[in-house]
Novice: 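Pasting a structure here, questions to come.
A note on names: the letters A, B, ... follow the listed sequences, proteins ahead of strands, and every chain is numbered from 1.
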2 protein chains.
Amino acid sequence: MKNDRPRIRDVARLAGVSTATVSRVLSNPEVVAQETRASVQSAIAATGYRLNQAARNLRHRRTGGIVALVPNLANPFFAQILSGIASVLGPAGYNLLVADTSADGAGRLLDYAEPSRADGLIVLDGALPAAALTGRVPLVEACEWVPGLSAPRVKIDNRAAAGLAVDHLADLGHRRIGHVAGPPGNVLSIARLGGFRDRLLARGLPLDGAAVYQGDFSLDSGQAAAAEWLAQPPGERPTAVFLASDAMACGFIAEVQRHGLAVPRDLSVIGFDDIELVSHVWPPLTTIRQPRRLIGRAAAERLLRRLETRDTEDDDTILPVELVVRGSTAAPGPALG
Amino acid sequence: MKNDRPRIRDVARLAGVSTATVSRVLSNPEVVAQETRASVQSAIAATGYRLNQAARNLRHRRTGGIVALVPNLANPFFAQILSGIASVLGPAGYNLLVADTSADGAGRLLDYAEPSRADGLIVLDGALPAAALTGRVPLVEACEWVPGLSAPRVKIDNRAAAGLAVDHLADLGHRRIGHVAGPPGNVLSIARLGGFRDRLLARGLPLDGAAVYQGDFSLDSGQAAAAEWLAQPPGERPTAVFLASDAMACGFIAEVQRHGLAVPRDLSVIGFDDIELVSHVWPPLTTIRQPRRLIGRAAAERLLRRLETRDTEDDDTILPVELVVRGSTAAPGPALG
DNA sequence: TCCCGCGATGTAATCGGTTGCAAATGATTC
DNA sequence: GAATCATTTGCAACCGATTACATCGCGGGA
């Protein structure tokens, strides 16, 4: 069962050549004479030979693997980014290894940033310690980023995206606009909150401290924010809310509906991400679309380029977002506007 | 940058021992004398030595990797199973490699089922060709399974689970119960549809052909099924629907709500899977919970056992499901019951 | 005719650990 | 005191490919 796997030696013997020639046929066919090449190839077919990757990797001092560090694998948002990454890596001859940073102890993370384990790293978690990632394998960051870490980044313009959301609500006539932020300290939360504030100011809208709710991107936290909102007097609370993630928006809307209010009649809601689901709930969610698969693809391509050319430029790739208007936003109701 | 990575030789030299001893300290510390071990360990620390996995793997004739074949990485359902798999594999010293069977061409799949690439396989896609998987690396199937493939399986009792759903609706007083099935030919669709029919029969409820709608597990197909349901005369259509996935249930409910009907007032809905989201929509969805992380863990553990003991038993691990009653089901309204 | 160059192939070192076997050392037993 | 044994360590072959360098034949130019 084990030793019956043919090795390069067996192929060489059958073809009547040396292992070197077989190896050349495998990786550099053009240097081998036509005739020899053909006989080697038929010997490969006859023996059913398959290259041993571990051996090749050892010799080449590479692993053929790229590790993606994901904050939470169970989050569908990342699933689609991974899907994009995989679609680039596979054809390029790399394996995608997935590591969940929330599941692993901190120690194991270092193991992944090992040249003997992976040729490169795609970091999707901005909460990792920069020190653990510095000076190890080539890496790129996608979506989130680690402050102080020098690496190419693939991301969106979160500030501008938040501005889009505010503009949409303001254009509809809303003046009291709220925001449910992501986890404190998170780079995305900060950028989106900043964009929210800036645009409010730019449009001369009131920036009421009471209208910023603390969340953490999760469904639950959206629900909790809605509870806060519901507790405010109807005449004072925002007539429209911009949430830093679709998941929170879903939780928020459900809680509001549970109390007998209707969206967008009593409240306009806009989310962030455009996860697949939100176009299929009622009301369908207005949101800012992030090109998730594209982000994954771009990050993977950037990493491959770095691996091949050994460039050291830390450029940012900014991908476009899009305002997707659906049914959860409308002009403020006359009673409350 | 490259050659400054210390090798085992460097550690050996510093510690004044042979490479064999260093290797033993690394993998079999107890056979090395206390004193020697300590000096080797401090030499390791001093040099910053890190084991080269590729070399160890070559010698051990293993790769240290387990491949999970996922039908669609973008589907959150699988994300959580992967998370469970990763949580077992990591501590056991294996890497999780993820391959998306929808993205890859058929050819590449075989590459993954290669002993030189992966030590084992976790198959989550029942639509793969059995022939491509037979006689290759050790594998286990999880959730879905490939008919005719001999392998241990980790799954739930889909028939019984469907029965639970029917029982719940029937107990509430519903007599006209519909079903939205998964993709035709899918093993899960068949089992759930079968369980649905059986339980209807067992309880003496009418099995109306018009009450089985074709779906494919997706949100869109749930919406389409709802359109069919809406097109039926209110007096004839089911008062309750059991859907083979939560995603379809979400699409179904949204479409029904869009037409001004309310759940569960005008229609009871029960889903399948209990994806995280459905407890945070309005109304929260009654559903059958699949222990997804547990399925992942169990599959990984089963595979590890197979790898270690080389057992060849093709046992089935059946994990329990649970009826989760939330707000989307209720007794039929008097007008329609 | 001799030498040089070029293409095709073989030889053998190498990638970096692992491990069967043997040797050395000290302890135990008769 | 010799024989036996357990413990600890080193030697060197090995895992399976890759590749720098050497070799060989052959054709063309001087």
Novice: So, are B:R306 and B:D314 salt-bridged, with charged N and O less than 4.0 Å apart?
Specialist: yes
Novice: Contact class for B:T21 (heavy atom, under 4.0 Å): base, sugar-phosphate, or nothing?
Specialist: sugar-phosphate
Novice: Starting from C1' on D:dT8, measure out to CD on B:E30 and report it in whole angstrom.
Specialist: 13 Å
Novice: Looking at every heavy atom in both B:V123 and B:L128, which two are closest together, and how far apart are they?
Specialist: CG1-CD1, 4.0 Å
Novice: Could you state the CG-P distance from A:N52 to D:dA17, rounded to the nearest angstrom?
Specialist: 5 Å
Novice: Determine whether any donor atom in the side chain of A:R61 lies under 3.5 Å from an acceptor atom in the base of C:dC15, or the reverse, and answer yes or no.
Specialist: no
Novice: Whether A:R62 engages the ring of A:Y94 as a cation-pi pair (distance to the six-membered ring centre under 6.0 angstrom, angle to the ring normal within 45°) should be assessed.
Specialist: yes
Novice: Judged by each residue's nearest nucleotide on DNA chain D, which is more toward the 5′ side, B:R59 or B:S18?
Specialist: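 Its nearest nucleotide being more 5', the pick is B:S18.
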Novice: Could you tell me whether B:A20 contacts a base, only the sugar-phosphate backbone, or nothing, with contacts defined as non-hydrogen atoms closer than 4.0 Å?
Specialist: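 Contact class for B:A20: base.
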Novice: Roughly, in whole Å, what's the span from CD in B:E35 to P in D:dT7?
Specialist: 18 Å
Novice: Side-chain N or O of B:Y49 less than 4.0 angstrom from OP1 or OP2 on C:dG17?
Specialist: yes
Novice: Any heavy-atom pair between the side chains of A:Q41 and A:V25 that's under 4.5 Å?
Specialist: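 Yes. Closest side-chain heavy atoms under 4.5 Å.
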Novice: So A:V32, base contact, sugar-phosphate only, or nothing? Heavy-atom distance under 4.0 Å.
Specialist: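 Sugar-phosphate, no base atom in range.
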